[in-house]
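Worksheet for the structure shown next.
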There are 4 protein chains.
Amino acid sequence: MITCGIIGASGYAGAELVRLLSGHPEVKGLVLASTSKPGEALEAVYPNLLSGGQGQALPLLVGPAEACEADVVFCAGPSGLAEEWALLARAGDRLFIDLSADFRFGSDEATYEAWYGKKYGQPGLHAGAVYGLPELNRARIAGARLIGNPGCYPTASSLALFPGLRLGLAQREGIIIDAASGLTGAGRELGRSSHYAEAADSVTPYKLGSHRHTPEIGAVLSAMAGGEVETPVFTPHLAPMGRGIVSTTYFRLAKALTEAELREAWASFYSAEPFVRVLGEGLAATNRNVRLSNYCDISVHLAHGGKVGIAVGALDNMVKGAAGQAIQNMNIALGLEETAGLKALPPAF
Amino acid sequence: MITCGIIGASGYAGAELVRLLSGHPEVKGLVLASTSKPGEALEAVYPNLLSGGQGQALPLLVGPAEACEADVVFCAGPSGLAEEWALLARAGDRLFIDLSADFRFGSDEATYEAWYGKKYGQPGLHAGAVYGLPELNRARIAGARLIGNPGCYPTASSLALFPGLRLGLAQREGIIIDAASGLTGAGRELGRSSHYAEAADSVTPYKLGSHRHTPEIGAVLSAMAGGEVETPVFTPHLAPMGRGIVSTTYFRLAKALTEAELREAWASFYSAEPFVRVLGEGLAATNRNVRLSNYCDISVHLAHGGKVGIAVGALDNMVKGAAGQAIQNMNIALGLEETAGLKALPPAF
Amino acid sequence: MITCGIIGASGYAGAELVRLLSGHPEVKGLVLASTSKPGEALEAVYPNLLSGGQGQALPLLVGPAEACEADVVFCAGPSGLAEEWALLARAGDRLFIDLSADFRFGSDEATYEAWYGKKYGQPGLHAGAVYGLPELNRARIAGARLIGNPGCYPTASSLALFPGLRLGLAQREGIIIDAASGLTGAGRELGRSSHYAEAADSVTPYKLGSHRHTPEIGAVLSAMAGGEVETPVFTPHLAPMGRGIVSTTYFRLAKALTEAELREAWASFYSAEPFVRVLGEGLAATNRNVRLSNYCDISVHLAHGGKVGIAVGALDNMVKGAAGQAIQNMNIALGLEETAGLKALPPAF
Amino acid sequence: MITCGIIGASGYAGAELVRLLSGHPEVKGLVLASTSKPGEALEAVYPNLLSGGQGQALPLLVGPAEACEADVVFCAGPSGLAEEWALLARAGDRLFIDLSADFRFGSDEATYEAWYGKKYGQPGLHAGAVYGLPELNRARIAGARLIGNPGCYPTASSLALFPGLRLGLAQREGIIIDAASGLTGAGRELGRSSHYAEAADSVTPYKLGSHRHTPEIGAVLSAMAGGEVETPVFTPHLAPMGRGIVSTTYFRLAKALTEAELREAWASFYSAEPFVRVLGEGLAATNRNVRLSNYCDISVHLAHGGKVGIAVGALDNMVKGAAGQAIQNMNIALGLEETAGLKALPPAF
């Protein structure tokens with residue numbers, strides 16, 4: 001039995017970690033930390049987390065340093081602030097899983113600086129960080145002590161494209177990714193675009209050609225292909241939904257295949273993965289079917305007389321796109337059952 | 001370990017039973033039945049239920065008679081069809097839990113006929129049926145073999161009003177119930193009012209003064225009060241949400257109380273209930289906080305210079321309003337832990 | 001041809017005034033004012049207002065004083081700030097229509113102070129203010145120079161109840177109003193409850209027993225009845241929709257009537273009103289059918305064996321609940337066609 | 001003053017024609033036709049269209065033949081049924097505007113048959129049909145008597161791409177179109193995917209590689225380019241909104257340009273168009289800003305180090321994507337002011 005600390009527990013990803021870890025069979029205690037609200041009750045912000053009947057209330061919020069004394073430390077704050085706590089966790093030899101972008105670029109400080117506007121404060125820390133995409137990096141995650149949890153768009157997009165690149169079925173140039181995200185994707189901070197009256201009933205592309213997830217996607221696709229993949233065009237859209245990402249990716253085929261062959265290649269590739277479902281003929285991946293679960297659904301299709309392949313990846317941005325994947329990483333890193341705490345129930349409809 | 005049969009598995013309530021029972025620790029097998037689709041796979045209708053990785057697929061749909069051979073039979077079809085399967089289950093001495101209105105009226109056939117337009121086919125069956133509201137009838141549910149699972153509106157509304165009526169704090173005349181339901185409430189059948197383009201962005205009252213849940217609410221309130229309660233005015237509204245019921249109930253106080261005293265009375269009354277949460281000062285019950293859980297949240301308020309009390313009940317109509325409550329009833333009837341399979345995780349936000 | 005000044009043009013009600021006045025046949029010029037953004041273009045905040053093709057751009061935002069030089073001054077800022085501009089408009093003998101609560105209470109300063117926490121700065125101004133509900137006050141609005149435009153909830157609720165009170169068909173005690181509003185109702189300011197991820201998929205009651213519209217509703221009902229009406233219980237709910245209010249009101253009948261007689265009484269009462277539609281049998285009022293229009297739809301129903309009447313009022317909170325009604329008031333005050341600029345098209349579905 | 005007949009008045013596009021034509025200054029009478037409901041009132045299906053006050057009710061529904069006696073006949077039924085009424089209209093020398101796909105392919109019967117599964121019954125009719133996209137075909141529409149009104153996706157997508165193809169800035173191969181539509185797009189017929197509980201809170205791609213609008217898009221792009229354009233990859237998605245289409249199109253640049261130059265090229269190209277707005281820097285096209293209007297908003301962007309251009313087209317599928325464009329075509333064909341009846345008000349937010 002382990003204890004888990006959560007820094008940034010009052011954000012959406014933090015609260016989702018609390019929710020999921022509350023049902024994890026190997027977790028016996030939570031330390032909830034917040035820089036802005038120490039001393040307060042998380043239930044005041046998230047009344048859904050209130051205990052019922054004789055149930056036990058969550059512990060009050062404490063400061064981040066205290067959370068770094070737990071066996072596993074999840075850091076769910078905004079990018080740019082994780083190094084301090086990662087250092088502290090390393091000093092105490094705790095497993096540190098960061099949900100921001102701070103540890104996703106390993107030793108490629110130049111890319112991090114170019115897109116996040118900040119140099120590494122502790123370059124030495126980053127060399128040992130593992131990119132926490134289990135389907136790509138399971139072996140390196142096992143035993144890791146510092147994990148950079150992937151972004152939600154990169155997870156959906158790269159899992160959709162992975163078989164094509166690894167198996168040499170997709171060309172490495174000219175990939176286009178057109179994706180939609182729900183409103184939890186941008187976090188709890190309020191902005192005009194997250195006001196209900198602005199967001200409802202409309203689809204809006206944003207940060208065209210300039211979203212920060214672009215270089216992360218480029219890097220993970222190259223790692224998947226085992227060689228340089230041209231950074232894809234990536235266009236995110238805001239869609240009127242709470243949770244969910246649907247990423248429709250386009251690639252040119254490297255050789256002629258029927259749609260059935262393509263689907264079969266994807267299905268075989270992922271056949272042993274506990275959290276990837278390759279859908280059968282006639283189904284298209286949608287976030288509707290993975291709601292509140294750690295699944296990434298993938299459907300593959302042919303267009304354009306067979307010259308262009310389309311792979312759609314769909315996931316719940318709060319689970320496989322954030323908190324669920326972080327727990328999957330914890331499970332692997334600690335040698336627990338990989339699905340522990342993540343398969344309590346099928347996805348909700 | 002038990003087996004569960006589900007008649008009407010392809011409806012919304014049936015599919016939710018499948019989802020929840022998939023995670024129930026005492027359930028080892030499901031028999032899924034459908035009159036319209038025997039031989040088909042439920043996953044074709046609900047791809048969210050697809051198994052991932054090495055997981056096991058659900059059994060194919062069979063006919064209802066086969067489901068009646070399981071240890072527990074849930075009947076989740078429309079009202080008017082349950083008697084046949086209840087008879088069959090009784091013949092085999094199985095626990096039968098009906099989610100339609102067919103067994104909610106016990107021996108009061110006249111009321112059933114007046115509102116559902118049908119006489120009892122098997123009057124003898126009904127005398128032994130127990131109304132499955134655990135907070136009211138827990139002792140009678142224990143050991144029962146035939147349970148009429150309550151409607152979603154009656155559950156939310158009567159749990160909100162229960163303490164006031166039982167403790168004599170609320171007057172028994174002049175109760176008004178104004179409630180809103182999401183679109184799953186009307187089931188999967190398609191109607192103009194359930195088309196997205198009609199339902200979105202609007203609130204619409206329906207069946208004013210004539211909704212079938214009215215007499216059920218009247219009956220359960222009288223049972224709660226331990227004496228005749230005047231049938232309340234009940235107005236349901238359709239609101240643009242998937243799941244959820246919020247029932248705002250109005251009653252005249254029987255004696256002067258402060259809001260704090262009122263809240264305290266409700267909280268004490270329900271203090272031992274595992275699935276009722278009485279909210280503290282400043283919070284109002286909303287379906288947002290009980291999503292996908294078996295909780296009914298209740299908030300109590302004073303208005304009108306203290307002459308009128310308001311009790312708001314909120315629940316997920318598919319869980320505490322249908323499938324979850326049915327499982328709670330199963331747990332009680334069979335002497336299992338009452339919360340088994342129902343507290344895997346806190347409510348989702 | 002007249003000019004119109006709009007103070008608070010960048011708020012939701014202000015922008016809706018701009019939109020509607022752009023199509024008004026008697027308006028030849030707009031002066032748009034904002035305390036926070038003078039010098040900027042309103043289209044930067046509301047790109048929907050961009051002119052297309054050879055169309056003419058809106059004038060840049062100016063300060064409020066400049067708006068007070070127009071023939072008609074609409075003040076669409078928050079409550080508590082209108083007196084200064086009303087004084088200025090009076091000095092220039094302009095028609096001043098305030099959309100906040102500042103001029104809704106006439107000489108009843110005590111009520112205003114009790115609910116809005118502020119004394120009148122210019123008590124003399126208020127005595128001459130007319131409550132701008134045309135269906136109640138048309139004769140007094142004609143020729144008025146200072147108009148307090150009603151709140152959205154009071155408009156929907158009081159129009160629903162008006163015939164019953166005026167005709168003596170409804171009792172004056174024990175009225176209950178249960179209403180739902182969309183998210184534009186709270187204005188453009190951001191709050192946690194207006195974040196899409198919080199507001200979507202849920203109905204939430206708020207300010208139970210304490211909403212500021214309560215005394216306004218009480219006052220207008222008394223004016224309608226021609227005698228004291230007990231302040232009703234009023235419970236607003238936030239519902240996941242952009243625009244719209246649906247107010248379900250309950251009253252005890254003062255004498256026995258059939259539902260058809262009740263409906264006929266309402267229909268006759270409003271037969272000459274251009275913006276009130278009393279719906280026929282089988283229809284319930286919903287904001288879906290009045291979207292973007294100045295209509296208030298009303299349906300009437302009987303419950304409880306004929307003892308309780310239910311009148312539902314539905315309107316678009318930005319039009320009949322704010323900007324549209326303000327323009328209707330302008331039309332009446334200036335002796336223009338009452339429907340000018342307000343009946344370009346039927347409501348959108 | 002003219003009369004307009006509407007066949008299929010009870011469908012969504014038909015009802016939107018009724019709504020818009022009700023405010024058209026040159027239209028003095030409507031003949032509403034329906035094959036399924038002759039004799040009934042359209043207001044029974046669309047209570048939003050009820051007249052208020054002393055207003056005049058719509059005429060009762062009649063049969064299609066009667067509608068063909070009006071000066072202008074709009075046919076808003078499903079594809080495959082328009083020829084009969086087009087013949088009748090031609091016999092009476094009426095202007096016939098078909099909103100289905102039946103007259104969009106001119107003499108290219110092979111393509112129509114391949115995608116719509118039906119041969120032309122009256123091949124001679126089609127040769128004279130004009131594709132009703134005013135921005136492309138204004139001169140041919142003037143004076144036309146048979147117009148095939150474009151599909152919603154083709155309108156949004158081709159208007160976005162038009163300047164690039166016509167000016168030789170975009171390559172003609174490898175175009176990808178990724179688009180999202182609201183739920184009115186599929187019409188009033190009920191299907192599982194249009195049930196609120198299925199459609200809400202999710203984005204779902206459909207008909208990947210096989211949507212019927214694909215060949216229409218290919219044909220119109222070729223016409224725009226003045227030479228063969230490779231049929232693009234087209235992926236539609238269903239998004240949880242009532243109205244609206246957002247089409248994000250990707251093309252490779254034919255020569256190096258800055259984003260500002262690209263934007264300027266688009267803006268100049270469309271500078272005289274009354275219903276196309278090319279947005280300035282920092283804005284992305286979204287259906288939110290064109291709601292209920294006949295505008296198509298377009299934003300252009302560069303990605304991928306300037307190698308890939310992105311043009312986003314957004315419109316209201318019921319207006320510029322159907323009924324509004326049909327009226328624009330009527331205005332041009334009859335020599336009326338092109339914007340008559342279509343610019344009553346700016347788009348709603």
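Note on naming: letters A, B, ... go to the chains in the order of the sequence lines (proteins, then strands), and numbering restarts at 1 for each one.
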For [X], which atoms come within 4.5 Å of any heavy atom of chain C: side chain, backbone, both, or neither?
| X | result |
| --- | --- |
| B:L302 | backbone |
| B:K307 | side chain |
| B:V203 | both |
| B:A314 | neither |
| B:A200 | backbone |

Quick check for you: to the nearest 0.5 Å, what is the distance between B:T286 atom OG1 and C:L238 atom CG?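 Spacing of OG1 (B:T286) from CG (C:L238) equals 9.0 Å.
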Does B:V312 form a side chain to side chain contact (heavy atoms under 4.5 Å, CB included) with C:L208? I'd like the steps, not just the answer. CA-CA 10 Å; B:V312 185; C:L208 291 108; 4.2 Å; yes
Which one wins on heavy-atom pair count under 4.5 Å against chain B: C:A303, C:P240, C:G182?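 Answer, by heavy-atom pair count under 4.5 Å with chain B: C:P240.
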Option that, when pairs with chain C are counted at under 4.5 Å, heavy atom only, ranks first among [options]:
| options | result |
| --- | --- |
| B:R252, B:R288, B:H237 | B:R288 |
| B:N289, B:T214, B:T231 | B:T231 |
| B:G242, B:P232, B:A239, B:P205 | B:P205 |

Any donor and acceptor pair, going by atom type alone, linking the side chain of C:N287 with main-chain N or O of B:D201 inside 3.5 Å?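 Answer holds: yes.
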Can you confirm whether B:I310 sits close enough to C:V233 that some side-chain heavy atom of one is under 4.5 Å from a side-chain heavy atom of the other?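 The answer is yes; the side chains approach within 4.5 Å.
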Can you give me the closest heavy-atom contact between B:I177 and C:Y250, atom names plus distance?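 Scanning both residues, the minimum pair turns out to be O-OH, 4.1 Å.
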Passes side chain to side chain contact (heavy atoms under 4.5 Å, CB included), C:S202 versus B:R291? Steps please. CA-CA 9 Å; C:S202 54; B:R291 209 166 276 160; 3.8 Å; yes
Dump the intermediate steps for side chain to side chain contact (heavy atoms under 4.5 Å, CB included) on C:I176 and B:D178, then the final yes or no. CA-CA 10 Å; C:I176 287 180; B:D178 191 289; over 6 Å; no
